Amino acid sequence: MMASRQDALAALVAAPPQEQTRYPANSRYFGLPARVRRLPDGREATWLVPRVLPDPARMTDIAVHTVAPLDRTDLLAARYFGDPLVSWRIADANGRGLPEELTRIPGTRLRIAVPDGMG
């Protein structure tokens with residue numbers, strides 16, 4: 001049974017990309033292709049191709065922020081990028097997947113950065 005699960009997973013990953021998803025330009029999912037596979041019962045399963053996190057070493061710093069007690073990443077994104085919906089950029093610059101993990105400990109220094117060429 002384990003081999004059949006692995007085969008099924010491999011088939012899902014190998015499915016051809018479908019049209020580009022329609023996420024807005026400020027979404028971390030913007031431009032990622034979706035894949036579709038017809039399941040044995042006739043339903044279709046659709047998922048996004050996983051997003052590859054950028055290498056923080058290939059980012060240009062625009063600021064360093066020291067976390068204060070009431071800081072939230074959406075507020076920091078609004079301050080530094082002008083858009084509260086791009087808090088994921090702060091997570092990317094700090095090598096983390098979840099933005100909300102970054103502001104739990106006051107005094108933490110956060111890197112505010114953009115991919116090289118965007119600054």
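Bear in mind the structure is a predicted one, so any value in this text is a computation, not a measurement. Along the sequence shown, residues carry numbers from 1. Computed over heavy atoms, backbone and side chain alike; hydrogens, waters and symmetry mates excluded.
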* Inter-residue atom distance Asn26.CG - Leu85.CG, 0.5 Å rounding -> 5.0 Å

* Are Phe81 and Met59 grouped together when hydrophobic residues (ILVMFWY) are joined by side-chain heavy atoms under 4.5 angstrom apart? -> no

* Can you label the angle between the Tyr80 ring and the His65 ring as parallel, tilted or perpendicular, going by 30° and 60°? => perpendicular

* Of the non-hydrogen atoms in Tyr23 and Phe30, which two are nearest, and what is the gap between them? -> O-CD1, 3.1 Å

* To do: Would you mind telling me which of Thr103, Leu98, Val86, Val67 makes a side-chain contact (heavy atoms from CB on, under 4.5 Å) with Thr73?
  => Thr103

* Asked: Are there more than 12 heavy atoms of other residues, nucleotides or ligands under 6.0 Å from atom CD1 of Ile105?
  -> no

* **Arg28 side chain to Arg51 backbone, donor-acceptor under 3.5 Å** => no

* **Gap separating the CZ atom of Arg35 from the CG atom of Leu48, nearest 0.5 angstrom** => 11.0 Å

* Do Pro99 and Ile90 come close enough that some side-chain heavy atom pair is under 4.5 Å? -> no

* How long is the gap from CZ on Arg111 to CD1 on Ile62, to the nearest 0.5 Å? -> 10.5 Å

* Which pair of non-hydrogen atoms, one from Asp74 and one from Ser87, has the smallest distance, and what is that distance? -> N-CB, 4.0 Å

* Between CD1 of Ile112 and CG of Leu76, what distance do you get to the nearest 0.5 Å? -> 6.0 Å

* Heavy-atom pair with the smallest gap, counting every atom of Pro106 and Ala68 -> CB-C, 4.4 Å

* **Heavy-atom pair of closest approach, residues Asp61 and Ala113** => OD1-CB, 3.7 Å

